2 protein chains.
Amino acid sequence: MKKQNSYLSDNLYVEKDKVNSVKKTMKSEKFFHYLAETFKAMSDPTRTKIIFALCQEKELCVSDMAAIIGTTNSAISHQLRTLRNMKLVRYNKIGRLIFYSLDDIHINHLFAEGLRHVEDL
Amino acid sequence: MKKQNSYLSDNLYVEKDKVNSVKKTMKSEKFFHYLAETFKAMSDPTRTKIIFALCQEKELCVSDMAAIIGTTNSAISHQLRTLRNMKLVRYNKIGRLIFYSLDDIHINHLFAEGLRHVEDL
DNA sequence: GAAACAATTGAACAATTGTTCATATATTGA
DNA sequence: TCAATATATGAACAATTGTTCAATTGTTTC
């Protein structure tokens with residue numbers, strides 16, 4: 001017997017069953033948008049450096065991150081805003097210093113998984 | 001006793017020890033660039049939809065992905081190139097159909113971790 | 001209060017990105 | 001060979017991004 005809905009040129013889809021079943025599981029536009037934003041927050045070299053540094057040291061202030069990474073405080077601060085907006089980092093103000101740290105253990109896991117993927121190449 | 005190298009305004013860094021120890025662990029420019037590229041590959045809504053769909057169905061052809069996601073074949077194909085370049089997907093040609101799947105289990109883990117993070121919000 | 005300092009912010013700029021549209025390539029079946 | 005189909009590709013466009021520079025806010029110390 002011929003495999004259902006496969007390779008039929010007069011069909012809108014190649015495999016109607018697959019299309020319908022996957023379609024049912026799809027989440028909202030908002031969900032995918034937010035998911036993409038989360039990955040995007042980790043998609044810049046300066047930001048991966050910041051996150052990597054915060055994996056080594058629980059808390060770091062802006063100037064020290066700039067010194068570690070070798071860029072300006074301004075550039076770091078701009079990127080920290082992105083990380084803050086996406087809730088990847090939180091901060092703790094002590095006098096005029098602001099110590100940043102990763103927001104929760106999920107971020108560590110997510111980042112560690114990315115590290116593993118790249119190290120395997 | 002005063003905490004070493006903390007809050008000293010005549011220092012280039014706030015906490016010299018932290019800066020030096022983290023600096024030693026930093027990876028190469030290339031590494032952070034590649035790591036960022038990997039996250040960037042997942043940082044677009046259309047691409048998160050593609051990856052999500054491929055988490056549900058091991059193999060999907062371009063037309064079916066377009067039908068599931070609700071966009072053109074061309075848009076899907078362009079995004080698949082990005083995913084291909086970053087080795088997030090591989091493909092299997094059968095006649096004029098090309099079935100795409102996630103490249104390895106690492107991608108599933110990485111993506112699943114991202115899903116969990118967003119679902120917790 | 002004034003100077004020094006940590007961090008943030010806004011404007012501006014080049015660089016990159018994602019889509020659409022049109023076209024090209026490749027495979028199938030008549 | 002020709003038409004239909006599946007996918008890929010190139011050009012073009014608006015939109016977004018990351019950095020730098022200059023200015024600003026808020027805190028500490030003198």
Side-chain angles (χ1 to χ4, degrees), chain A residues 2 5-15 19 29 32-33 36-37 39-50 59-86 89-100, chain B residues 2 5-15 19 29 32-33 36-37 39-50 59-86 89-100:
Chain A
K2 197 157 182 270
N5 296 314
S6 271
Y7 313 102
L8 297 180
S9 58
D10 58 354
N11 235 9
L12 247 174
Y13 325 121
V14 174
E15 299 175 289
V19 170
E29 195 60 38
F32 287 114
H33 182 81
E37 285 297 309
F39 287 121
K40 189 184 282 179
M42 295 182 164
S43 77
D44 170 81
T46 301
R47 291 199 293 274
T48 58
K49 289 173 195 169
I50 291 174
E59 286 201 323
L60 287 168
C61 67
V62 177
S63 307
D64 283 354
M65 290 192 234
I68 289 165
I69 291 167
T71 182
T72 63
N73 285 22
S74 177
I76 295 289
S77 186
H78 275 296
Q79 298 300 3
L80 281 171
R81 174 153 65 165
T82 301
L83 295 175
R84 240 164 33 225
N85 287 345
M86 287 313 295
V89 299
R90 52 191 159 78
Y91 60 91
N92 195 266
K93 198 171 176 181
I94 298 179
R96 61 185 147 188
L97 295 175
I98 299 184
F99 288 92
Y100 280 86
Chain B
K2 196 156 180 273
N5 295 316
S6 271
Y7 312 103
L8 298 180
S9 58
D10 58 354
N11 235 8
L12 249 174
Y13 324 121
V14 174
E15 298 175 291
V19 170
E29 195 59 37
F32 287 114
H33 182 80
E37 285 297 310
F39 288 121
K40 190 184 281 178
M42 296 181 163
S43 77
D44 171 80
T46 301
R47 292 198 294 272
T48 58
K49 288 173 196 170
I50 290 174
E59 287 200 322
L60 286 169
C61 67
V62 178
S63 308
D64 283 353
M65 291 193 232
I68 289 165
I69 291 166
T71 182
T72 63
N73 286 20
S74 178
I76 295 289
S77 186
H78 275 296
Q79 298 300 2
L80 281 170
R81 174 153 65 167
T82 301
L83 295 175
R84 238 162 37 223
N85 287 345
M86 287 312 295
V89 298
R90 52 190 160 77
Y91 59 91
N92 195 266
K93 197 170 175 180
I94 298 180
R96 61 187 145 186
L97 295 175
I98 299 184
F99 288 93
Y100 281 85

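This one's a predicted model, so the numbers in the text were calculated from it and none came from an experiment. Throughout, protein chains are lettered first and strands after them, A, B, ... in sequence-line order, and every chain is numbered starting at 1.
The distance between atom CE of B/Met42 and atom C1' of C/dG18, rounded to the nearest whole Å, is 18 Å. Distance CG (B/Leu97) to C1' (D/dA8): 14 Å, rounded to an integer number of Å. The interatomic distance linking B/Phe99 (CZ) with D/dA6 (P) rounds to 11 Å, in whole Å. Across the protein-nucleic acid pair, A/Leu80 atom CG and C/dA7 atom C1' stand 10 Å apart, rounded to whole Å. Regarding A/Phe32, its CZ atom lies at a distance of 18 Å from the C1' atom of C/dG18, rounded to whole Å. Note: CD1 (A/Ile69) to C1' (D/dT19) measures 14 Å, nearest angstrom. As a whole-Å value, the separation of A/Asn85 CG from D/dG18 P is 12 Å. Rounded to an integer number of Å, the gap from CG of B/Asp64 to P of D/dT5 is 15 Å.
Taking CD of A/Glu59 as the start and OH of A/Tyr91 as the end, the distance is 13.5 Å to the nearest 0.5 Å. One finds the CG atom of B/Leu60 at 11.5 Å from the CG atom of B/Leu97 (value rounded to the nearest 0.5 Å).
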Please list every donor-acceptor pair under 3.5 Å in which a side-chain atom of residues 68-85 of chain B meets a protein atom from a residue at least two apart or in another chain.
{"from": "B/Thr72", "atom 1": "OG1", "to": "B/Ala75", "atom 2": "N", "distance (Å)": "3.1"}
{"from": "B/Asn73", "atom 1": "ND2", "to": "B/Ser63", "atom 2": "OG", "distance (Å)": "3.4"}
{"from": "B/Gln79", "atom 1": "OE1", "to": "B/Arg47", "atom 2": "NH1", "distance (Å)": "2.7"}
{"from": "B/Arg84", "atom 1": "NH1", "to": "B/Tyr100", "atom 2": "OH", "distance (Å)": "2.9"}
{"from": "B/Asn85", "atom 1": "ND2", "to": "B/Arg81", "atom 2": "O", "distance (Å)": "3.4"}

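By the side-chain hydrogen bond (donor to acceptor under 3.5 Å, both in side chains) test, A/Arg90 is found to be paired with no residue, residues two or more places apart in sequence or in another chain being considered. With sequence neighbours left out, the salt bridge (charged side-chain N to carboxylate O under 4.0 Å, His left out) criterion links A/Glu37 to A/Lys40. Here B/Phe39 pairs with nothing under the ring pair (Phe, Tyr, Trp, His ring centres under 6.0 Å) rule; sequence neighbours left out.
Closest approach to the B/Lys40 side chain among C/dT16, D/dT20, D/dA8 is made by C/dT16 (side chain taken as heavy atoms from C-beta onward).
The shortest heavy-atom contact between A/Ala36 and B/Pro45 is CB-N, 3.5 Å.
Annotation: of the two residues near DNA chain D, A/Gln79 and B/Ile98, the 5′-most nearest-nucleotide partner is B/Ile98.
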Practice item. Could you run through nucleotides 25-30 of chain D and give me one letter per nucleotide, 5' to 3': B if any protein heavy atom sits under 4.0 Å from the base, S if only the sugar-phosphate is that close, - if neither? Key: -SBS--
Exercise for review: Assign a letter to each nucleotide of nucleotides 9-14 of chain C from its 5' end: B, base within under 4.0 Å of a protein heavy atom; S, sugar-phosphate only; -, no contact.
Suggested key: BB----
Between the protein and nucleotides 23-25 of chain C, which nitrogen or oxygen pairs are less than 3.5 angstrom apart?
none

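Between A/Thr72 and the phosphate of D/dC21, there is no side-chain N or O to OP1/OP2 separation shorter than 4.0 Å. B/Thr46 has a side-chain polar atom (N or O) that falls below the 4.0 Å cut-off from OP1 or OP2 of C/dT19.
A/Tyr100 comes within contact range of the sugar-phosphate backbone alone, with a heavy-atom separation under 4.0 Å but no base atom that close.
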